[in-house]
Amino acid sequence: MRGIIEVYKGDITKLDCECIVNAANSSLLGGGGVDGAIHRAAGPELLRECRGLGGCATGQAKITKGYKLKAKYIIHTVGPVYFACDRPAELLTDCYRNSLELAAENGIHSIAFPGISTGVYGYPVSEAAPIAAAAVQRWLNENSGYDMKVIFVCFDDISYNLYKDIIKV
Ligand code: APR
């Protein structure tokens, strides 16, 4: 397999892969958007585990079990708030790289990302998508001996078409 990138349109909580990534906030105690959907689908045990993690800094990532999800693991990462941050691209890149690093450390070989920061945190998807794609591609190139399938999960047609264009799949 080695490095594979796919683009998928739909609800990330329904995906049948080893790990899904949550676009969380620094408390890791849940919220709206994809975070709320993941907590609802995984069930209350997820919040219990998250309470013990002590939060997460922007650009960093922490891992939990997937509980009621098909995914065995959830990696929680905190994206930058676009208008409140003077280096959003760098921090968004960190989210993707640190999530992939943590996934590989845990022996994960398939991981699905939502559009981190592109909802409530206000990052325009037209700017975020190429940053996400470049960060993932770079990690795959640097870890070419490791089998990893990366799925970009888009919730709407605009992001889906944008990602399809960038990834050329
Ligand atoms: N599956 C896939 N993608 C989804 C889903 C879903 N079920 N629900 C929302 N999305 C998409 C949104 O369309 C958006 O493109 O996920 C992207 C990220 O949006 P948000 O969830 O708003 O995440 P973000 O912009 O990173 O803001 C994080 O929102 O509620 C919170 O706790 C979270 O405070 C944090 C903030």
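Counting starts at 1 for both ligands and their atoms, following the listed order. The structure displayed is predicted, hence computed values, not measured ones. Residues take their numbers from the sequence shown, with the count starting at 1. Any value given below was found using the heavy atoms of this structure, including those in side chains, with hydrogens, waters and symmetry copies removed.
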Atom 22 (O) of ligand 1 sits nearest the protein heavy atom V120 N, 2.8 Å
Ligand 1 atoms nearer than 4.0 angstrom to some heavy atom of A23 are 23 (O), 26 (O), 28 (C), 33 (C)
In this structure, atom 25 (O) of ligand 1 is nearest to the protein heavy atom G119 N, 2.8 Å
Using a 4.5 Å side-chain heavy-atom cut-off and chaining through intermediate ILVMFWY residues, the residues clustered with L46 come out as Y8, I12, L15, I20, V34, I38, Y67, L69, I74, I151, V153
For atom 16 (O) of ligand 1, the closest protein heavy atom turns out to be V34 CB, 4.0 Å
Tightest non-hydrogen contact, residues G145 and R2, listed as O-NH1, 2.7 Å
min-distance protein heavy atom vs atom 33 (C) of ligand 1 -> D35 OD2, 3.5 Å
For the 3.5 Å polar cut-off, considering only N or O atoms, please tell me whether I12 and ligand 1 meet it. yes
Here the atoms of ligand 1 under 4.0 Å from any heavy atom belonging to G115 are 17 (C), 18 (C)
Taken to the nearest 0.5 Å, the spacing of R97 CZ from T77 OG1 works out to 13.0 Å
Within the structure provided, determine whether K9 and D157 are in side-chain contact (heavy-atom separation under 4.5 Å).
yes
of all protein heavy atoms, closest to atom 26 (O) of ligand 1 is S117 N, 2.8 Å
A student checking ligand 1 against G32 at a 4.0 Å heavy-atom cut-off should list atoms 30 (O), 31 (C)
| query | Below 4.0 Å from any atom of ligand 1, is there a heavy atom belonging to T13? | reply | no
Counting from 1 in the order shown, the ligand 1 atoms closer than 4.0 Å to a non-hydrogen atom of D11 are 1 (N), 6 (C), 7 (N)
Under 4.0 Å from one or more heavy atoms of G10, ligand 1 contributes atoms 1 (N), 2 (C)
Does G122 have a heavy atom less than 4.0 Å from any atom of ligand 1?
no
In this structure, atom 36 (C) of ligand 1 is nearest to the protein heavy atom Y121 CE1, 3.5 Å
Is it true that the side chains of D147 and H109 contain a donor and an acceptor less than 3.5 Å apart?
-> no
In this structure, atom 15 (O) of ligand 1 is nearest to the protein heavy atom T118 OG1, 2.7 Å
Answer with yes or no after comparing the ring centroid distance for F152 and Y163 against a 6.0 Å cut-off, counting only values under it. yes
Linked, directly or transitively: Y146 and I75 (ILVMFWY side chains, under 4.5 Å)
yes
Q.
Show, in sequence, the C-alpha distance, side-chain angles and deciding distance for Y121 and N25, and conclude whether the side-chain contact (heavy atoms from CB on, under 4.5 Å) test is met.
A. CA-CA 10 Å; Y121 281 1; N25 59 58; 3.2 Å; yes
So the atoms of ligand 1 within less than 4.0 Å of a heavy atom of G31 turn out to be 30 (O), 32 (O)
Query raised in the report: Is there side-chain contact between C50 and H39, with heavy atoms separated by less than 4.5 Å?
Result: yes
The closest protein heavy-atom partner of atom 6 (C) of ligand 1 is F155 CE1, 3.4 Å
Exercise. Would a hydrophobic clustering, with Ile, Leu, Val, Met, Phe, Trp and Tyr connected at side-chain separations under 4.5 Å, put I116 with F155?
Worked result: no
- [ ] Report the C-alpha separation of M148 and N143 in whole Å, then their side-chain angles, then the decisive distance to 0.1 Å, and conclude whether the side-chain contact (heavy atoms from CB on, under 4.5 Å) test is met.
- [x] CA-CA 9 Å; M148 183 69 96; N143 295 272; over 6 Å; no
